[in-house]
Amino acid sequence: MTELPDPQPAESRLPVLPIRVVAVVDPTRQVADFVLAHGADPVRELGRQGWAAVRLAEASLGQDGALLLGYRVHPASPLPVMHRPVPSDPGLVVGEGEQAQPYQRAAAYAVVNGPPGVLLTQLSAATSAPGRWTLPGGGLDPGESPEQALHREVWEESGQVVSEVRLLDLQTSHWVGRAPSGRLEDFHAVRIVYAASCPSPTELVVHDVGGSTSAVSWVREEDLGRYPLVRSFGPHLRRWLSQH
């Protein structure tokens, strides 16, 4: 899969975490509450209901175990319902009778700033985009909040401890491709993006040996153009840095 490599073999896939979207127009008036369907984007779904998202205000683990995404919204003209074809990985070959298995993955990532620059990790040969660079982060474990997952993943992939964590954005992708295991998947990626600081960097260490990360580096902002970033984050990184 070229959009967001996921090194987990099919047999070790984590259970799908239900994703619940809630929207409010003020602290007391809730105007939307729905479970995010496979392949859907919460901002587009709110738009179809006549609500324009102002910002993502909350990403937390609900008491029922669902991932809760809370948006501040304001009324807007409803967006038309558009049925877009689901894209496939370039060159994908599907065998006769082979069916793509739906898989929705919620993950947390961080735009980490520190004195040396921006923290980036390089994807390993266990992924389908080896050598490309991405933000530190990864999938939520069962019973883990997005912020807990963020701290764990940053430490596993870089050895760094971050602070001043705050929500930046949420980004989704939906496509059909093959996981590194060879499993054909109808993949729905839901990525929560945070801003974080690392005021006292330590030695860079990839603790999760054999996982999706082969290297980690601090990169000066003016040098980011020299690093081939994954399509998931490359077009957005400059904007996220300006909001840091």
Side-chain angles (χ1 to χ4, degrees), residues 3-8 12-24 30 32-46 53-73 103-113 118-121 134-174 187-198 207-208 211-213 216 230 232-233 236-237 239-241 243-244:
E3 181 73 20
L4 179 64
D6 187 336
Q8 299 179 93
S12 69
R13 287 299 202 194
L14 295 174
V16 172
L17 185 69
I19 300 175
R20 180 181 163 205
V21 179
V22 174
V24 297
Q30 181 175 303
D33 186 345
F34 57 89
V35 174
L36 187 68
H38 181 80
D41 179 85
V43 172
R44 286 199 295 268
E45 291 302 310
L46 288 168
V54 175
R55 64 184 176 90
L56 178 65
E58 179 184 2
S60 62
L61 193 68
Q63 293 183 347
D64 58 357
L67 173 61
L68 178 64
L69 302 176
Y71 283 88
R72 294 295 302 273
V73 298
Y103 186 70
Q104 186 182 68
R105 181 176 184 257
Y109 295 87
V111 180
V112 179
N113 262 340
V118 182
L119 191 65
L120 295 181
T121 59
T134 185
L135 299 177
L140 277 60
D141 286 343
E144 187 177 48
S145 73
E147 194 165 326
Q148 288 171 334
L150 176 70
H151 284 281
R152 174 182 56 77
E153 288 281 351
V154 170
W155 186 85
E156 288 179 354
E157 296 181 351
S158 70
Q160 305 306 294
V161 176
V162 295
S163 59
E164 301 178 51
V165 175
R166 65 179 178 84
L167 279 171
L168 271 182
D169 204 353
L170 184 137
Q171 191 247 11
T172 68
S173 298
H174 183 206
F187 199 91
H188 182 207
V190 179
R191 310 179 188 95
I192 304 164
V193 182
Y194 291 86
S197 297
C198 185
H207 290 288
D208 187 20
S212 61
T213 301
V216 58
V230 295
S232 314
F233 300 133
H236 311 288
L237 186 54
R239 172 172 58 84
W240 290 336
L241 285 169
Q243 298 171 341
H244 209 289

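If you're wondering where the values come from, they're calculated on a predicted model, not measured in any experiment.
Closest of all the heavy-atom pairs between Ala106 and Ile19 is CB-CD1, 4.3 Å. Gly139 and Ala149 make their closest contact through O-CB, 4.4 Å (heavy atoms, listed as atom of the first residue, atom of the second, distance). Scanning both residues, Gln30 and Val24, for their nearest heavy atoms gives CA-CG1, 3.9 Å. In plain terms, the two heavy atoms of Trp240 and Val193 that are nearest each other are CH2-CG2, 3.8 Å. Ala196 and Val162 get closest at one heavy-atom pair: CB-CB, 3.9 Å. Residue Val154 comes nearest to Ala110 through the heavy atom pair CG2-CB, 4.4 Å, listed as atom of the first residue, atom of the second, then distance.
With contacts defined as side-chain heavy-atom distances shorter than 4.5 Å, the pair Leu56/Tyr71 qualifies. Asp208 has its side chain out of reach of Thr213: every pair of non-hydrogen atoms, C-beta onward, lies at least 4.5 Å apart. At least one side-chain heavy atom of Ile192 sits less than 4.5 Å from a side-chain heavy atom of Leu67. Between Leu119 and Cys198, the closest side-chain pair of non-hydrogen atoms is not below 4.5 Å. Between Tyr109 and Gln171, the closest side-chain pair of non-hydrogen atoms is not below 4.5 Å. Counting heavy atoms from C-beta outward, Thr121 and Leu135 have side chains that stay 4.5 Å or more apart. The shortest distance between side-chain heavy atoms of His151 and Val165 falls below 4.5 Å. In this structure, the side chains of His236 and Asp169 stay at 4.5 Å or more apart for every pair of heavy atoms.
Taking CZ of Arg72 as the start and CD of Glu58 as the end, the distance is 12.0 Å to the nearest 0.5 Å. If you take CG on Leu170 and OH on Tyr194, they are separated by 9.5 Å, rounding to the nearest 0.5 Å. Atom OG of Ser173 and atom CZ of Arg105 lie 12.0 Å apart (nearest 0.5 Å). Arg166 CZ to Gln243 CD: the interatomic distance, rounded to the nearest 0.5 Å, is 7.5 Å.
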Do any side-chain atoms of residues 34-41 form donor-acceptor pairs under 3.5 angstrom with protein atoms, and if so which ones, sequence neighbours left out?
| unit_1 | atom_1 | unit_2 | atom_2 | d |
| --- | --- | --- | --- | --- |
| His38 | NE2 | Asp186 | O | 3.1 |
| His38 | NE2 | Asp186 | OD1 | 3.1 |
| Asp41 | OD1 | Thr172 | OG1 | 2.7 |
| Asp41 | OD2 | Val43 | N | 3.1 |
| Asp41 | OD2 | Arg44 | N | 3.2 |

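The stretch residues 146-155 participates, sequence neighbours left out, in these salt bridge (Lys or Arg N to Asp or Glu O under 4.0 Å) pairs: Asp141-Arg152, Glu144-Arg152, Arg152-Glu156.
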Report task. Would you sort out whether Leu61 and Leu68 count as a side chain to side chain contact (heavy atoms under 4.5 Å, CB included), showing the intermediate values? Result -> CA-CA 6 Å; Leu61 193 68; Leu68 178 64; over 6 Å; no
